[in-house]
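Down below is the structure, laid out as structure tokens.
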Amino acid sequence: MAPTKNPHLLAWIDEVTKLTKPDEVMWITGEESQLEDLRKEGCSTGEMIKLNEEKLPGCYLHRSDRQDVARVEGRTFICSRKEEDAGPTNNWMDPKEMYDLLYSIADGSMKGRTMYVIPFSMGTVDSPFAKIGIEVTDSIYVVLSMAIMTRVGNKVLEALGDSPDYTKGLHCKDKLDPEKRYISHFPEDNTIISVNSGYGGNVLLGKKCLALRIASHLGHQEGWMAEHMLILGIEDPEGNVRYVTGAFPSACGKTNLAMLIPPEKYRKAGWKVYCVGDDIAWLRIGEDGRLWAVNPENGFFGVAPGTNEKSNPNALHTCMRDTIFTNVVHDLDTNTVWWEGLNNNPPKHAVDWKGNPWDYRKYNKADKSTCGAHPNSRFTALAKNCPCVSPEFDSLTGVPVSAIIFGGRRARTAPLVYQSFNWEHGTFVGSIMASETTAAATGAVGVVRRDPMAMRPFAGYDMGDYFSHWLNMGKNIPNPPKIFHVNWFRTDDKGNFIWPGYGENMRVLLWILARCDNKIGAVRTAIGYVPNPEDIDITGLDGVTEDTIRDLVSIDKAAWLEDTKDISSFYKLIGSRVPEELRRQLKNLKARLKR
Ligand code: OXD
Ligand code: MN
């Protein structure tokens, strides 16, 4: 029996049941015993493998279909009523046409299967900023992943009461046919339909679909922002905590930065870093005139390869329990998992992400086809298991933001760090962000593409309107955060990273905070303020000198001028809705670079 009397919800579930024709309907209550039964069932069908309970308690391995390992931007649609409201950076289809197409795919697609109804909350249930969603799915993997990534169950139904105000999410695995895969959003109907995929980013509908695409549309209407940002807190030795958000494209180190461990020198002095979120921030103007951030998620859907004791020990510890690993290597000797970059001890007796026997001796770093784990293999882990999770993680109102950081993966142009002149210029800096593409989405890897505010795949409406929204928000925040840009990925002539990165990024964060507190000066350049080299603390850093920093913050004006051509083409692609203020910013940048 349905655990709700909400007439809107019951009518919709009835409609979906008649359409998809499952054998059974199960409401997810959030009770551990129900989830445990589903884990057992998932294991009995081979959908999940239970891992070593002593070494990895509560952990499971899942392998996705081989053709279904990443987000599919080419098959992701924003079906607003008017095409121009989706804008040129989104795929669009007329909502009626798309509904017809999706309903024809969903029709009878759950025959012989169970349909699970997952009430979920993005944000702490009872927070005034939380948004409720109902995901209907025929996948146990989705249910169990949603129970990690979001708050699920009856408590959400209680919070919803009889209200019609929830996001409808329908997910049908169907036959996992890549040709019939559609990740579709209907912002004006607060509805998401995802068919023929089982990959997290396409099917955990609370995440990219609701918390970014639908939420960015809602935020535009309601005066707040949904951003592809981590949130971290930095506590100084006196116990003051300041919060910073960071927008980086997918698989560019957000999780690593969000869980950073300060270098020993700072730890000894009493500095601490707390993780509030690693992927999504919802930002609102608080009554005190500052910008406040909540992380709407309940867990981390992190990239496994490259996660290790050096790059992110906190993530490793987080996924030592209650975690679902997807598409990693299965170590048969210990019934544990492994991935490239975890350590130098690949398992000797193992199965790769495709389910085939894997011979570690044939592994060749340069040839991705020899990898045991898929480059976009993932861990889905509970935030509460993270050793550095913020005490404010469940806060109903979030945390106040002192600085916003944009960043990308750029081998050359972008310096280690620079500060924008003001909010309008900061919005411009975000709008011209570019990064090398990664395995998080299907398509070529390593190609530079413009990814404004790291939101190109996630803005649920026109990108030009999104820029205007940023500018308008800035006008309405009495005490706005300062805006910065970082690049950990600058390389030397031989292609080696110059900056050590990881925990050492704390040194850059401290420069950022000192700038927020107006404690230190900086050099005004054509692109913004860069550090005086002596203001980045390099004590104890092997092989990094003041000259290294001078080089890292140097601006190659010719390369930047060349880059402005690409920015102009990108603005042209976005079209007439690019706000006048940003066009003026681009003109001024060009003029400053020519000086
Ligand atoms: C993610 C992504 O999974 O951005 O967070 O693709
Ligand atoms: Mn992301």
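Counting starts at 1 for both ligands and their atoms, in listed order.
Between H228 atom NE2 and D279 atom OD1, the angle centred on the Mn ion (ligand 2) amounts to 90° (nearest 10°).
Looking at atom 6 (O) of ligand 1, its nearest protein heavy atom turns out to be R71 NE, 2.8 Å. Looking at atom 4 (O) of ligand 1, its nearest protein heavy atom turns out to be S250 OG, 2.5 Å.
At a 4.0 Å cut-off, at least one heavy atom of K208 sits close enough to ligand 1 to count as contact.
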field: Verdict with supporting geometry, W224 and W292, ring-ring contact (aromatic ring centres under 6.0 Å, His included)
entry: CA-CA 10 Å; W224 54 280; W292 287 69; over 10 Å; no
field: Working for ring-ring contact (aromatic ring centres under 6.0 Å, His included), residues Y199 and F301
entry: CA-CA 11 Å; Y199 170 72; F301 181 60; 5.8 Å; yes
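Of the polar atoms of K207, none of the N or O atoms is found under 3.5 Å from an N or O of ligand 1, judged by distance alone. For ligand 1, the polar-atom distance check against R378 finds a nitrogen or oxygen pair separated by under 3.5 Å.
Cation-pi geometry between K254 and F248 is not met at under 6.0 angstrom from the ring centre and within 45 degrees of the axis.
Within the 2.8 Å limit, A454 places no N, O or S atom next to the Mn ion (ligand 2).
Under a 4.0 Å criterion applied to the non-hydrogen atoms of D279, ligand 1 contributes the atoms 5 (O). Close contacts of ligand 1 with A440, meaning ligand atoms under 4.0 Å from a residue heavy atom, involve 6 (O). Every atom of ligand 1 with a heavy atom of F458 under 4.0 Å away is listed here by number and element: 4 (O). The atoms of ligand 1 that sit less than 4.0 Å from any heavy atom of H228 are 4 (O).
Inspection of the S80 and D85 side chains reveals no N or O donor paired with an N or O acceptor under 3.5 Å. Between H374 and K354, the side chains place no donor N or O within less than 3.5 Å of an acceptor N or O (distance only, hydrogens not considered). Side-chain contact of W499 with N487: a donor-acceptor pair under 3.5 Å is absent, judged by distance alone.
Contacts with ligand 1 closer than 4.0 Å are made by no heavy atom of F300, backbone or side chain.
Between R181 and D68 there is a salt bridge, since a side-chain N of the basic residue sits under 4.0 Å from a carboxylate O of the acidic one. Ion pair R409/D451 not flagged as a salt bridge, since none of the NZ, NE, NH1 or NH2 atoms sits closer than 4.0 Å to an Asp/Glu carboxylate oxygen.
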